[in-house]
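Computation of the quantities below employed the complete heavy-atom set of this structure, encompassing side-chain atoms and omitting hydrogens, waters and symmetry-equivalent molecules. Each chain gets a letter, A, B and so on, in the order the sequences are listed, and its residues count up from 1.
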Amino acid sequence: MQHLIDSFLQTELDKLNKEQKKAALHKEGPLLVLAGAGSGKTKVVVTRIAALIAQGVDPYNILGVTFTNKAAQEMKERVSSLIGKSVLISTFHSLGVRILRESIDRLGFSRQFIIYDADDSLKLIKTLSKELYGPDEKIDAKELQSLFSSIKNNLERAIPPNIESIYNLYKKRLFELQAVDFDDLLFLPTLLFQRHPDVLEYYQDRWHYMLVDEYQDTNHAQYEFVRLLVQKRKNLFVVGDPDQSIYSWRGASIRNILDFEQDYRDATIIKLEQNYRSTRTILSAANAVIKNNDSRYEKALWSAHDEGEKISLFQARSERLEAHFVAHMVRQIRSLHGIPLSDIAIFYRTNFQSRPFEDLLLSQKIPYTIIGGLSFYQRKEIKDILAYLRLLENPNDLISFLRVINMPKRGFGEQFLTKLTAYAQREAIPIMHLLRSPPPSEIRTSAKQKAGWQEFATLYHNLLQAKEKKPLSELVRDVITQSGYLSIIDLDKETREERRENVAELIAKAAEWEDMQIQDMQIQDMQEAENPEKEPSLSRFLEELTLTTSLDSLEENNSDRLSLMTAHNGKGLEFQIVFLVGLEEELFPHINSKHSPDSLEEERRLFYVGITRAKKKLFLTYTTQRHLWGGLRHMRPSRFLHEIPFELRKIIKQ
DNA sequence: CCAGCTCTGGACCAT
DNA sequence: CCAGAGCTGG
């Protein structure tokens, strides 16, 4: 048996180059793999996990962390198909939830906590700032939100005095509502490890080998989380590329990777410099561009592929004509070279740029899919229905309550709700429990409100019963029909059709999810239990939705479609043909990055990420005029275009 | 005090 | 181009 595994592993290892092999066979101690774009890092990570297991490591003791569910899923599948074993590979955020569900009681929280997404937390901040400063004070809630976020992401101890009171109130209220925000999913596990050595030790003894992908995009909380977890055994395997660090605005620090040698003594460093993805032309262009950055970890990416075609440069006179050119080229490439649409992508800097492309592709009947952007679950009608569902799970959920109490209109306005919230707060009663009796007598209540109150209470009662008895999809249907939500949808004739389709889609998705859970449960018996409780429940459905990004949910779409996405969303992907569009000053590089050299370098890294997604052919386009901020503006070509050597590009005339 | 209307000002990237 | 502020009638 052992020899069988060995020979099997040997075949896998034979597929790797010298450096890749060295990384894959690394067993103990800290290791940094500097993996250039397209250098086969996923293959290395997967083989390394297989090698560990072949050497007798229990799969249960291995932990892999990635940034997106999609990447985690892919790695998991590849490991499983290679050695037939299931290994825990998760995103930082899902891992945080897992740890908190097991151990958050040590921080005084209930294990039944709810997760507030960015939208919910913004609403809470707005509510609190009114509470604290009065309704007339103009407070930039978004600004506060991002300050709070960076405090948590940087594990800041000193809170700026001017925001201290509102920050503390925010934390206190989250605790009272038994809610955690997105940043807490990293912050609280780290806090847990710092405060409770026994908890830390428990997890250290569970995961002996840790692998972290995209290490260049970790923030300080994640850094600390990882550091604590591997402290005992020091078996940390990180993979990353400083040149692809593009999330500093989310608190990521490029220093984490640049300082790896200092942080982990005796660290081995391996550079993967052979690119297996792109033509030499594309790679030379990428190298020429990134060379302009000062803060780098020097490495020379090379390719054994052919020179390939020159990079095409196109200047349009409007965003509409830019889209026209792209659509035209896509048709041509498809018919002339037989390249499927699924192997072609359009990358842009900001989401609003997708508009003209969508319009044109729609009218020309070219199938496309938008990856990212406003996801299905961020649509108003969907969030409203989900808020009803969340209240069934957690009667404390103030934000969801405020979202749906007057949806449809039941006569409750700001005045009433402010008083009611204050009342619930003072009496320390979960907001939904107030519905067990008539509105508090100290709050003036009109006849309409009394009726609305009764109606809402009955609805809640009925839905709670439906939750116990009916399958999830039926429950979702009940929420939609019984709440009266359909009457709101019908109000607006313009959007009526679309919104009806969306809520119907939600019912379908719930049914689909249920089926999948049941299937999973049957497979689950074969493998070690990885999730303590796997029965399809409302709470697990809701949790998965909050953690599933638009990026992840669209992978099920396997029909032949052109992909449209931001350059950020393109990271980790590759396509035969890539169009990088909107390459204009103040757009890419974005205007907000002009103030500092650091953020300008990050823009350049983002451009680099975009270029290196292309395998065969790269198109760069820009327009001289564009509709921006409500008006028509003159645009200048991006400085990055000038960084591409002449001999690598050719200009396409319209 | 709520609901519906008009007006205005703000809009990068996202787990 | 949409969300939230501001205004006014019920």
statement: Contacts of A:Ser248 meeting side chain to side chain contact (heavy atoms under 4.5 Å, CB included) (sequence neighbours excluded), chain-then-number -> A:Glu602
query: Could you state the CZ-P distance from A:Arg98 to B:dT15, rounded to the nearest angstrom?
result: 20 Å
query: What is the distance from CE of A:Met565 to P of B:dC13, rounded to the nearest Å?
result: 15 Å
- prompt: Which residues satisfy the side chain to side chain contact (heavy atoms under 4.5 Å, CB included) test with A:Ala286, sequence neighbours excluded?
  reply: A:Tyr608, A:Ile611, A:Thr612
query: Quick one: A:Ile371 CD1 to B:dC13 P, roughly how many Å, whole number?
result: 16 Å
message: Heavy atoms only, 4.0 Å cut-off, all strands: where does A:Lys142 land among base, sugar-phosphate and nothing?
response: nothing
field: Length of the NE2-C1' vector between A:His93 and B:dA14, whole Å
entry: 9 Å
message: Under a 3.5 Å threshold, yes or no: a donor from one side chain and an acceptor from the other, between A:Glu584 and A:Ser638?
response: no
- request: Tell me which nucleotide among B:dC12, C:dG4, B:dT15 gets nearest to the side chain of A:Arg349.
  value: B:dC12
query: Ring stacking, A:His590 with base of B:dC12, under 5.5 Å and under 30°?
result: yes
- prompt: Is any side-chain nitrogen or oxygen of A:Thr566 closer than 4.0 Å to OP1 or OP2 of B:dA14?
  reply: yes
- request: Remember a base hit wins even if backbone is also touched, and classify A:Phe67 as base, sugar-phosphate or nothing at under 4.0 Å, heavy atoms.
  value: sugar-phosphate
query: Can you tell me how far C1' of B:dG4 sits from CE of A:Met407, to the nearest Å?
result: 14 Å
task: Name all residues meeting the side chain to side chain donor-acceptor pair (under 3.5 Å) criterion together with A:Tyr485; count only those two or more places apart in sequence or in a different chain, and write none if there are none.
output: A:Asp384
Protein N or O to nucleotides 1-3 of chain B N or O, pairs below 3.5 Å:
from  : atom 1 : to       : atom 2 : distance (Å)
B:dC1 : OP1    : A:Lys419 : NZ     : 3.2
B:dC2 : OP1    : A:Gly413 : N      : 3.1
B:dC2 : OP1    : A:Phe416 : N      : 3.3
B:dC2 : OP1    : A:Gln449 : NE2    : 3.4
B:dC2 : OP2    : A:Gln415 : N      : 3.4
B:dC2 : O5'    : A:Gly413 : N      : 3.4
B:dA3 : OP1    : A:Gly411 : N      : 3.0
B:dA3 : OP2    : A:Asn406 : ND2    : 3.1

statement: Interatomic distance, OG@A:Ser94 vs CD1@A:Ile89, rounded to 0.5 Å, equals 12.5 Å
Under 5.5 Å and under 30°: A:Trp249 stacked on B:dC13: yes
query: Nearest to the side chain of A:Asn351, which nucleotide is it out of B:dT15, B:dA14, B:dC12?
result: B:dA14
task: List for me each residue that meets side chain to side chain contact (heavy atoms under 4.5 Å, CB included) alongside A:Asn154, sequence neighbours excluded, and say none if there are none.
output: A:Ser150, A:Glu156, A:His220
- prompt: With sequence neighbours excluded, what pairs up with A:Ser146 under the side chain to side chain contact (heavy atoms under 4.5 Å, CB included) test?
  reply: none
- request: Calculate the interatomic distance between A:Arg605 atom CZ and B:dC12 atom C1'; express it in whole Å.
  value: 16 Å
task: Send over the distance from A:Leu100 CG to B:dT15 C1', rounded to a whole Å.
output: 15 Å
- prompt: So does A:Asn569 get a side-chain nitrogen or oxygen closer than 4.0 Å to the phosphate oxygens (OP1/OP2) of B:dA14?
  reply: yes
- line: A:Tyr116 OH to B:dT15 C1', in whole Å, measures 19 Å
